[in-house]
S.K.: 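Provided herewith is a single structure, encoded as structure tokens, for subsequent inquiry.
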Amino acid sequence: MNYKLILSLSTLLATSAFAQTTEQDSIKKIKELNEIVIDGSRETTSKISKNGISEMDLPQAVSILSYKTIEQQQIANLTDVLKNANGIYIMGNTGGYQEEIASRGSSISSTNTFKNGIRFFNGMKIEMSGVDKIEILKGNSAIEYGNVAPGGVLNIVTKKPKFNFGGNVGLTYGSFNTFKPQFDIYGALNKSKTIAFRLNSSYQKGNSFRKYVNSENIYVNPSLLFKLSEKSTLLVEGDYSKNSTVPDFGTGIINYEIVEIPRDRFTGVSWGRYNAQQSLVSAKYNLQISNNWNLSALVGYRNYATELFANTRPASTSIKPNGDWSRGIQKSQIGDNYTIQQVDANAQFSTGKIKHQVLIGADAEQFETKTTAFNNITNYDQINIFEEYNSSVETAEPSLTENTKTTNTVNRYGIYAQNLISFPKYFKILIGARYNAISSKSNVYSYKADTNTLTETNDNPISPKVGLIFQPTKNHTIFTSYSNSFSLNTGIDVNGNALKASVINQYEAGIKNRLFDGKLQANATVYQITNSNLAQTSLANGNTNSNIKELAGETNSKGLELDLVYKPNTNLSVLLGYSFNETKFTKSNIYVIGSELRYNPKNTANLSINYEFTEGALQNFNIGLISQYFGKRYAGRSTRLTVANDSYQLIALNEYYVLDIVAGYSYKKWKLNAKVANVLNQNNYNVHDDNSLNPITPTNFTLQLGFTF
């Protein structure tokens, strides 16, 4: 891809638009962050970058999915959310009980997923009924959040208390006999209106298009806001989710080939279960010291617990050509406790004609994760994937004994500083760095041998960031930036020492435009991400233990992202996006050099259109289209470089296109919504390795009736 040509065209666009662009009517206070909001509205603030830098001054891509869009599109899960954001997508759906996210060739795991600024476990379905907006900060955010993958971070912002009384109740019914009641209520708790509350809650139960699969979800989200003084507030929030579902690892891969079987065929065990619950509580204090100084402090605690008890995954080589499969049984339990303490100070001041916008902060995080692995059964029974599954003849639920308990503890501390330096005309520089102190311990207890295996590591990576911003006008920004982040590694080296963290370098350049008095927003970004010390299995002395590793690999990601938001009036909003990404192994002692990383589509695109009638016979009626293109990608197993007659193969997954239609009608305080998803009934898959082949949901509908008070 010719990146020089792209940047030249972007520069030409900014120059040619210079004459036709007027000054903004007003400029927000610097402490507010005016984001590009993907429903077309500009008047949204966010704290995802922590320092309140305006979107036009930030040398990376930002997008916000507001509550209005969440409501109009009747978004129920992260899969729906990501239909509105290019370059960030669902990578897999292991077991059907989670949504695995990736961006720019990197996995967006729980280290990159946040709820109200606190790391959030995304290994379970995330409830959307209490969500006010979704913030996506693409690229490197290591200064603000420490250990995060370079692809970007996703922050889920829940609804906040209000001092005026109000709320709503709703009932949703949909395909597969799914129903969901929910409510939201808020108001003041005292006459002086210094204490406000909010309570969201929902319950969902339903089946699936996959036979024998069902799920149940409970969600509660309470919050309190204390107005301590004219300049200080305290926000206390809670968040509780509980999910129970029948695991569904799918099937249909034989010798690395996807085979045709009915879309609804289930090949798991009907008694299988994945139980997950997550609790989060936090308190955030904010003090506006002066017009130029702001101080905030956050403490939070999160706990999650999961239990998986189901059949093992149907690996490609375990199913015979005739469809016979000898199934195993697996069981695991995970419990995690996490705490965070964080202090941030934001300041604005000038030295002569040069302006400064400074962020200084410190945080501390503590993790303790206990994982119990059980002695799996390798030969539970045998089924044939070409035959209809019959749960009445399956073997009874077995009893498994503990094998190992692994306790991982991580203590992470960081201090960081960042300064946006604004010169009198045209140029700005963003510069900052973060120092990290990380200590981790891993203890593996073997029940059979009654032994403990302990490993310990300490590391002090530094994450710098520098960006150069050129602004010919307030409505045009051309930027380039460099930053790096780090990724913690598991395993040990050949000497038995824990591995150091991998450091990942990222280069980014782009252009941001606000045209026609802000009605059209057009952005283009190119990037390159290099992980030059990727941990891979050590081959020294003929080693085959995958836990013994060396920092020997390198991957390189190159990409382009285009964003277009058009909102000519209050009725119509259009969102258009395209992304290209190519991630390859450039060095490896294991995989073929030049081979592409799995799961990542080279091309993705999205288009959303919504129109709301404000007069005439269709007044109070809205209709919208949401479409997403997902390019060709690969699953399976990457071919190994050092193995003779390697049998590993990749599995090609065809491109596909999904179209949803939404409509809504309001009458006084009542609102009726309807949605038909996957209108064209496209069939494709989410795949993990060469197992867990999960078809995407076929055509389905939802109806929702709500009342606002």
Side-chain angles (χ1 to χ4, degrees), residues 1 3 6 60-61 63 78 82 85-93 99-113 122 136-142 147-154 481-489 502-510 524-536 553-563 577-588 590-606 628-639 650-653 655 686-689:
M1 176 162 291
Y3 294 101
I6 293 169
Q60 61 189 117
S63 48
L78 281 179
L82 300 185
N86 68 69
I88 180 168
Y89 44 85
I90 298 297
M91 180 179 67
N93 192 26
E99 295 167 296
E100 299 160 292
I101 312 169
S103 175
R104 297 185 174 183
S106 299
S107 173
I108 305 297
S109 63
S110 294
T111 59
N112 285 56
T113 304
N122 66 2
I136 300 171
L137 182 62
K138 296 180 183 178
N140 185 5
S141 302
N147 177 30
V148 290
V153 298
L154 184 149
S481 66
Y482 162 78
S483 58
N484 75 28
S485 57
F486 63 93
S487 176
L488 299 180
N489 291 308
S502 294
V503 177
I504 306 165
N505 294 305
Q506 178 161 305
Y507 301 88
E508 189 166 345
T525 306
V526 294
Y527 60 86
Q528 177 174 289
I529 304 171
T530 302
N531 184 349
S532 57
N533 50 2
L534 183 68
Q536 296 187 327
E554 180 181 272
T555 60
N556 184 271
S557 296
K558 295 180 179 179
L560 161 71
E561 294 167 349
L562 302 175
D563 295 283
Y578 167 76
S579 72
F580 170 86
N581 175 269
E582 185 178 71
T583 305
K584 293 183 176 181
F585 284 104
T586 48
K587 293 180 183 178
S588 181
I590 299 177
Y591 301 115
V592 174
I593 306 301
S595 61
E596 297 181 17
L597 266 67
R598 298 166 295 163
Y599 313 123
N600 298 294
K602 282 189 176 180
N603 299 283
T604 64
N606 57 284
Q628 181 185 44
Y629 169 79
F630 215 74
K632 187 176 181 179
R633 65 204 191 281
Y634 293 89
R637 304 273 179 171
S638 296
T639 303
L650 293 174
I651 301 169
L653 300 171
E655 61 185 3
N686 291 309
V687 183
H688 185 91
D689 288 338

S.K.: Any idea which heavy atoms bring Ala524 and Leu562 closest together, and the distance?
M.R.: CB-CD2, 3.5 Å
S.K.: So how far is it from Ile504 CD1 to Ile529 CD1, rounded to the nearest 0.5 Å?
M.R.: 8.0 Å
S.K.: Do Arg633 and Asn600 touch side chain to side chain, with heavy atoms closer than 4.5 Å?
M.R.: no
S.K.: Keeping the roles fixed (side chain from Asn603, backbone from Gly631), state whether a donor-acceptor pair exists under 3.5 Å.
M.R.: no
S.K.: Can you measure from CG (Leu653) to NZ (Lys632) and round to the nearest 0.5 angstrom?
M.R.: 9.5 Å
S.K.: Between Ser588 and Gly553 (side chain of the first, backbone of the second, donor and acceptor by atom type, cut-off under 3.5 Å), is there such a pair?
M.R.: no
S.K.: Within the side chain of Arg598, is there an N or O that forms a donor-acceptor pair under 3.5 Å with the backbone of Gly636?
M.R.: yes
S.K.: Only one of Ser106, Pro601, Ser107 passes side-chain contact (heavy atoms from CB on, under 4.5 Å) with Met91; say which it is.
M.R.: Ser107
S.K.: Working to the nearest 0.5 angstrom, can you tell me the gap between Ser638 OG and Leu597 CG?
M.R.: 6.5 Å
S.K.: Parallel, tilted or perpendicular, judged at 30° and 60°: which one describes the rings of Tyr599 and His688?
M.R.: parallel
S.K.: Main chain of Glu554, side chain of Thr586: is a donor-acceptor contact present, judged purely on distance under 3.5 Å?
M.R.: yes
S.K.: When Thr530 is tested against each of Asn505, Asn556, Thr555 for side chain to side chain donor-acceptor pair (under 3.5 Å), which residue passes?
M.R.: Asn556
S.K.: Rounded to the nearest 0.5 Å, how far apart are NZ of Lys558 and CD of Gln528?
M.R.: 5.0 Å
S.K.: Any chance OH of Tyr634 has more than 12 other-residue heavy atoms, nucleotides or ligands included, within less than 6.0 Å?
M.R.: no
S.K.: Keeping the roles fixed (side chain from Asn86, backbone from Asn606), state whether a donor-acceptor pair exists under 3.5 Å.
M.R.: no
S.K.: Using the test ring-ring contact (aromatic ring centres under 6.0 Å, His included), find all partners of Phe585 that sit at least two apart in sequence or belong to another chain.
M.R.: Tyr591
S.K.: Who passes salt bridge (charged side-chain N to carboxylate O under 4.0 Å, His left out) against Arg104, sequence neighbours left out?
M.R.: Glu508, Glu561
S.K.: Nearest heavy-atom pair of Ser502 and Asn531: which atoms, and what distance?
M.R.: CB-OD1, 4.0 Å
S.K.: For Val687 and Ala635, work out which heavy atoms get closest and say how close.
M.R.: CG1-CB, 3.5 Å
S.K.: What pair of heavy atoms forms the shortest contact from Ala61 to Thr525, and how long is it?
M.R.: CB-OG1, 4.2 Å
S.K.: Closest heavy-atom contact between Val592 and Ser595?
M.R.: O-OG, 2.6 Å
S.K.: Using atom types as modelled and distance alone, determine if a side-chain donor or acceptor of Asn122 lies under 3.5 Å from a backbone N or O of Ile108.
M.R.: yes
S.K.: Which heavy atom of Gly151 sits nearest to which heavy atom of Ser103, and what is that distance?
M.R.: O-OG, 3.1 Å
S.K.: Can a donor-acceptor pair be found, under 3.5 Å and without considering hydrogens, that links the side chain of Ser141 to the backbone of Gly152?
M.R.: no
S.K.: Can you measure from CG (Asn581) to OG1 (Thr604) and round to the nearest 0.5 angstrom?
M.R.: 8.5 Å
S.K.: Nearest 0.5 Å, what's the CD1-NZ distance between Ile593 and Lys587?
M.R.: 9.5 Å
S.K.: For the pair Asn140 (side chain) and Asn484 (backbone), establish whether a donor and an acceptor sit closer than 3.5 Å, ignoring hydrogens and angles.
M.R.: yes
S.K.: Excluding sequence neighbours, so at least two apart, what forms salt bridge (charged side-chain N to carboxylate O under 4.0 Å, His left out) with Glu596?
M.R.: Lys602
